[in-house]
Amino acid sequence: MKNTSEFLTNSYQIQLFAEIDGEEVLLQSNTFKYNFDNNIAKISTGITESSGETTISPNKLNTIYLMINWYDMNDETLLEEKIDLYDKHAFLN
């Protein structure tokens, strides 16, 4: 779906992960379903506020990435894409 200005689907799921102190942690997960076709290339997932119960220390944070799963209505298949948001080692080099 990269470099695409339009992609129609009726459902998708996002999951935001981080590797903290060597352990993979799910930070956010949300599923979006619609009764009509939506262009997911232009939809905002919104903001999730923390309850303050968990603090992420930057020196223990190694990676952050987003997984998105969506249903391709044209091919009638479920697709998945990983989007790397932060890599401590790439950032420091």
Side-chain angles (χ1 to χ4, degrees):
M1 192 173 98
K2 292 178 183 172
N3 301 320
T4 300
S5 62
E6 182 174 283
F7 198 96
L8 300 179
T9 187
N10 59 2
S11 65
Y12 69 100
Q13 177 184 36
I14 60 164
Q15 294 177 300
L16 181 66
F17 290 94
E19 183 188 321
I20 303 169
D21 213 13
E23 182 178 333
E24 184 176 78
V25 177
L26 176 64
L27 300 176
Q28 178 184 2
S29 180
N30 212 337
T31 301
F32 302 88
K33 294 185 180 185
Y34 300 95
N35 295 330
F36 54 90
D37 299 349
N38 268 299
N39 180 1
I40 64 172
K42 298 191 186 277
I43 293 176
S44 171
T45 59
I47 298 171
T48 301
E49 293 187 21
S50 171
S51 63
E53 297 170 4
T54 303
T55 302
I56 300 172
S57 174
N59 61 341
K60 294 183 177 185
L61 182 63
N62 295 319
T63 61
I64 302 173
Y65 64 94
L66 180 81
M67 295 297 296
I68 181 167
N69 299 289
W70 70 95
Y71 179 72
D72 184 334
M73 296 174 66
N74 295 327
D75 295 338
E76 297 183 354
T77 57
L78 186 62
L79 302 172
E80 178 177 82
E81 184 172 331
K82 178 181 178 183
I83 302 169
D84 294 316
L85 301 172
Y86 172 77
D87 185 324
K88 180 179 189 175
H89 304 292
F91 185 72
L92 295 176
N93 292 330

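All residue numbers refer to positions in the sequence shown, counting from 1.
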K.L.:
Looking only at heavy atoms, which two atoms of Leu61 and Ile64 are closest? And how far apart?
P.N.:
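Result for this residue pair: CD2-CD1, 3.7 Å.
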K.L.:
Can you see which heavy atom on Ile68 is nearest to which on Tyr12, and at what distance?
P.N.:
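Taking Ile68 first and Tyr12 second, the nearest heavy atoms are CD1-CD1, 3.9 Å.
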K.L.:
Measure the spacing between CG of Asp87 and CD of Glu19 and express it to the nearest 0.5 Å.
P.N.:
9.0 Å
K.L.:
Below 4.5 Å, heavy atoms only, C-beta onward: do Asp84 and Thr63 meet side chain to side chain?
P.N.:
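In short, these two side chains do not touch, never coming nearer than 4.5 Å.
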K.L.:
Using every non-hydrogen atom in the two residues, find where Ala18 and Leu27 come nearest and quote the distance to one decimal.
P.N.:
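Closest pair (atom of Ala18, atom of Leu27, distance): CB-CD1, 3.7 Å.
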K.L.:
Are the side chains of Lys82 and Met67 in touch, meaning some heavy atoms are under 4.5 Å apart?
P.N.:
yes
K.L.:
Assess whether side-chain contact (heavy atoms from CB on, under 4.5 Å) is satisfied between Leu85 and Leu16, documenting all intermediate values.
P.N.:
CA-CA 10 Å; Leu85 301 172; Leu16 181 66; 3.6 Å; yes
K.L.:
Any donor and acceptor pair, going by atom type alone, linking the side chain of Lys88 with main-chain N or O of Asn59 inside 3.5 Å?
P.N.:
yes
K.L.:
Side chains of Gln15 and Leu26: does their closest heavy-atom pair fall under 4.5 Å?
P.N.:
yes
K.L.:
Please tell me if the side chains of Glu80 and Trp70 come closer than 4.5 Å, counting only heavy atoms from C-beta onward.
P.N.:
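Glu80 does not reach Trp70 side chain to side chain.
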K.L.:
Check step by step if side-chain contact (heavy atoms from CB on, under 4.5 Å) holds for Leu66 and Ile14.
P.N.:
CA-CA 7 Å; Leu66 180 81; Ile14 60 164; 4.1 Å; yes
K.L.:
Please report the interatomic distance OG1(Thr31) to CD(Gln13), rounded to the nearest 0.5 Å.
P.N.:
4.0 Å
